[in-house]
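No hydrogens, no waters, no symmetry mates; every other heavy atom, side chains included, goes into these values. Residue numbers run from 1 in the order of the sequence given.
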Amino acid sequence: MHVSFDPWSPAFVADPYPAYAALRAAGRAHYFEPTRQWLIPHYSDVSGLLRDRRLGRTYLHRFTHDEFGLTPPPADHEPFHTLNGNGILDLEAPDHTRIRRLVAKAFTPRRVEALAPTVERLAAGLVGRFVEAGGGDLLTAVAEPLPVAVIAEMLGVPESDRDLLRPWSAAICGMFELNPPEETARAAVRASVEFSAYLADLIAARRTDPGPDLISALIAAHDEDDRLSEQEIVSTCVLLLNAGHEATVNATVNGWWMLFRHPEQLALLRGDHDLLPTAVEELLRYDTPVPMFARWVLDDIEVDGTVIPRGSQVALLFASANRDPERFPDAGTLDLARRDNPHISFGAGIHYCLGAPLARLELAASFGELLRRAPGMRLAAEPEWKPGYVIRGLRELLVEV
């Protein structure tokens with residue numbers, strides 16, 4: 001059952017879905033020695049374990065590295081782990097509860113709704129220039145700059161500094177792949193130090209001269225006598241950028257690649273733009289931009305009679321769960337009109353993606369502008385996939401307008 005499951009294989013990265021189907025057919029929990037993880041491929045199990053408090057993104061709120069049977073990370077990686085470990089993605093209660101509550105006071109639904117005109121303006125500008133150029137690489141021309149520009153505007157990053165953000169974020173996210181090489185770790189550490197220092201200066205400026213930006217709102221957010229520390233604000237800002245650009249960028253280019261591969265569905269969408277809301281959800285389900293999320297087992301769990309002991313790591317296979325025919329009728333069919341679509345591309349439970357409404361807003365804006373301004377957009381070259389099992393995306397997507 002593991003023959004076709006090879007997360008380092010270009011063939012697997014290009015089309016992992018047959019391997020996921022084989023895993024689902026073979027059972028509900030499989031130990032995969034190369035990554036020392038338990039693979040969980042079924043929707044019901046993935047959805048349930050995302051909400052199970054016996055699992056955690058970290059174990060350090062309950063155990064030391066030694067108590068958990070693991071080697072501490074190298075000391076020279078500490079800047080990365082300090083940055084990553086103070087963001088809500090990698091925290092558990094009570095720290096997660098406290099920080100998410102304070103962040104939610106600043107990153108409100110009203111703030112996201114108020115961003116809609118900004119997102120639409122930025123998308124219109126990027127797509128307009130793209131169309132005038134006759135096309136090109138959709139990834140670098142539209143998909144990448146849009147979420148970075150939106151987050152930069154939210155944070156109040158000056159336009160002259162925005163080119164710094166994407167390289168920093170890409171370097172940091174390199175550490176989320178399986179067994180990253182030392183060169184990747186050094187780049188992530190360097191980016192963590194530089195990005196943290198930049199944000200510290202920005203925070204200091206907002207403390208003396210607050211504005212309508214998110215950093216000012218994070219500084220002001222309080223609950224009785226409790227406020228976010230500077231490190232917590234820095235880590236929150238970096239998390240918003242990393243999650244916002246990696247997942248949204250890949251959802252954009254992966255989604256268009258799937259549309260080009262399903263011309264009848266693309267024609268349906270071009271003929272009825274009112275399908276856009278369900279189309280965005282279906283594209284997120286059908287080709288999940290973050291195919292796997294890991295959790296540590298803090299107390300023994302059982303999956304279909306298989307005991308997974310404390311100290312293990314489970315790989316929750318989002319991409320497999322989103323194609324599980326037990327939950328999605330015709331799961332292997334791209335259906336842009338699909339209504340019953342509880343995909344888990346944004347996670348579930350306490351770690352459900354805080355930025356999901358913003359991601360949906362950005363995806364609707366960029367897809368909508370391209371459908372309106374480039375109705376005849378077509379593929380110019382077969383794309384290649386970047387290596388990646390945790391974060392999955394194309395190297396480029398060349399199109400003609």
Side-chain angles (χ1 to χ4, degrees), residues 2 5-8 12-13 16 19-20 23-24 28-63 65 68-73 77 80-81 83-93 95-96 172-181 184-185 188 239 242-243 246-247 250 288-303 306-322 344-353 387-393:
H2 296 324
F5 184 84
D6 181 0
W8 296 280
F12 173 87
V13 173
Y20 290 142
L23 284 174
R24 290 193 303 270
R28 290 172 51 190
H30 312 283
Y31 187 70
F32 189 58
E33 181 61 39
T35 62
R36 297 189 294 279
Q37 292 175 319
W38 288 88
L39 308 177
I40 310 296
H42 284 262
Y43 181 93
S44 59
D45 296 321
V46 172
S47 180
L49 291 175
L50 283 170
R51 298 170 171 83
D52 195 321
R53 303 314 307 137
R54 293 173 297 172
L55 280 76
R57 282 289 296 168
T58 182
Y59 51 82
L60 293 174
H61 60 305
R62 287 184 49 185
F63 307 100
H65 293 296
F68 215 59
L70 295 172
T71 304
H77 293 182
F80 166 81
H81 291 290
L83 181 63
N84 195 54
N86 281 278
I88 55 176
L89 182 63
D90 274 39
L91 284 172
E92 293 297 327
D95 292 332
H96 176 277
I172 291 168
C173 287
M175 281 288 273
F176 300 140
E177 285 298 335
L178 297 174
N179 306 322
T184 298
L239 174 59
N242 290 349
E246 286 293 341
N250 290 338
T288 311
V290 182
M292 186 278 280
F293 248 90
R295 292 286 191 276
W296 293 104
V297 180
L298 308 176
D299 295 298
D300 293 1
I301 61 172
E302 185 175 319
V303 177
T306 298
V307 175
I308 302 178
R310 185 182 80 182
S312 303
Q313 192 178 53
V314 294
L316 303 177
L317 302 179
F318 284 17
S320 175
N322 280 340
I344 51 176
S345 299
F346 291 119
I350 68 167
H351 289 290
Y352 181 80
C353 178
Y389 161 53
V390 178
I391 300 171
R392 182 167 177 266

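- Taking the ring pair (Phe, Tyr, Trp, His ring centres under 6.0 Å) definition, one finds that Y352 meets it with nothing, sequence neighbours left out.
- N84 pairs by the side-chain hydrogen bond (donor to acceptor under 3.5 Å, both in side chains) definition with D90, not counting sequence neighbours.
- When side chains are defined from C-beta on, F346 does not count as touching F318, because their heavy atoms never get closer than 4.5 Å.
- By the 4.5 Å heavy-atom criterion applied to side chains, C173 and I391 are counted as neighbours.
- Applying the ring pair (Phe, Tyr, Trp, His ring centres under 6.0 Å) test to W38 and every residue at least two apart in sequence or in another chain returns Y31.
- In this structure, CD in E246 is found 9.0 Å from CZ in F176, a value given to the nearest 0.5 Å.
- With sequence neighbours left out, A188 forms a side chain to side chain contact (heavy atoms under 4.5 Å, CB included) with F80, M175.
- Considering only residues two or more places apart in sequence or on other chains, H96 meets the ring pair (Phe, Tyr, Trp, His ring centres under 6.0 Å) condition with H351.
- Partners of S312 according to the side-chain hydrogen bond (donor to acceptor under 3.5 Å, both in side chains) rule, which considers only residues two or more places apart in sequence or in another chain, do not exist here.
- Considering every non-hydrogen atom in both A315 and Y389, the closest pair reads CB-OH, 4.0 Å.
- Annotation: the span from I88 atom CD1 to D95 atom CG amounts to 12.0 Å, rounded to 0.5 Å.
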Derivation of the side-chain contact (heavy atoms from CB on, under 4.5 Å) call for L298 and F68: CA-CA 9 Å; L298 308 176; F68 215 59; 4.2 Å; yes

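- For the pair I308/L49, no side-chain contact is recorded, criterion being any heavy-atom separation below 4.5 Å from C-beta on.
- Looking at M292 and L39, their side chains never come closer than 4.5 Å, going by heavy atoms from C-beta outward.
- R24 pairs by the salt bridge (Lys or Arg N to Asp or Glu O under 4.0 Å) definition with nothing, not counting sequence neighbours.
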Steps toward side-chain contact (heavy atoms from CB on, under 4.5 Å) verdict (R53, I350): CA-CA 9 Å; R53 303 314 307 137; I350 68 167; 3.3 Å; yes

Ring pair (Phe, Tyr, Trp, His ring centres under 6.0 Å) between F12 and Y20, worked out: CA-CA 10 Å; F12 173 87; Y20 290 142; 5.8 Å; yes

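- Taking every heavy atom of both residues into account, P180 and G174 meet most closely at CB-O, 3.8 Å.
- Sorted by first and then second residue, the salt bridge (charged side-chain N to carboxylate O under 4.0 Å, His left out) pairs involving residues 35-47 (not counting sequence neighbours) are R28-D45.
- Residue pairs meeting the salt bridge (charged side-chain N to carboxylate O under 4.0 Å, His left out) criterion with at least one member in residues 288-302, sequence neighbours excluded: R62-D299.
- One distance of note links CZ of F293 with CG of L50; it measures 9.0 Å at 0.5 Å rounding.
- Counting heavy atoms from C-beta outward, W8 and L178 have side chains that approach closer than 4.5 Å.
- Of the possible polar contacts, none joining the E92 side chain to the Y59 backbone as a donor-acceptor pair under 3.5 Å is found.
- With sequence neighbours left out, T58 forms a side-chain hydrogen bond (donor to acceptor under 3.5 Å, both in side chains) with no residue at all.
- In this structure, R57 contributes its side chain and A294 its backbone to a donor-acceptor pair below 3.5 Å.
- For the pair L23 and H30, the minimum side-chain heavy-atom distance is below 4.5 Å.
- The side-chain heavy atoms of R392 and T288, taken from C-beta on, include no pair separated by under 4.5 Å.
- Contact of the P181 side chain with the T184 side chain is registered, since non-hydrogen atoms from C-beta on lie closer than 4.5 Å.
- Take H81 and apply the side-chain hydrogen bond (donor to acceptor under 3.5 Å, both in side chains) test, not counting sequence neighbours, and it matches no residue.
- Separating the CG atom in L89 from the CG atom in N242 is a distance of 9.5 Å, to the nearest 0.5 Å.
- Applying the ring pair (Phe, Tyr, Trp, His ring centres under 6.0 Å) rule to H77 yields no partners; only residues at least two apart in sequence or on another chain are considered.
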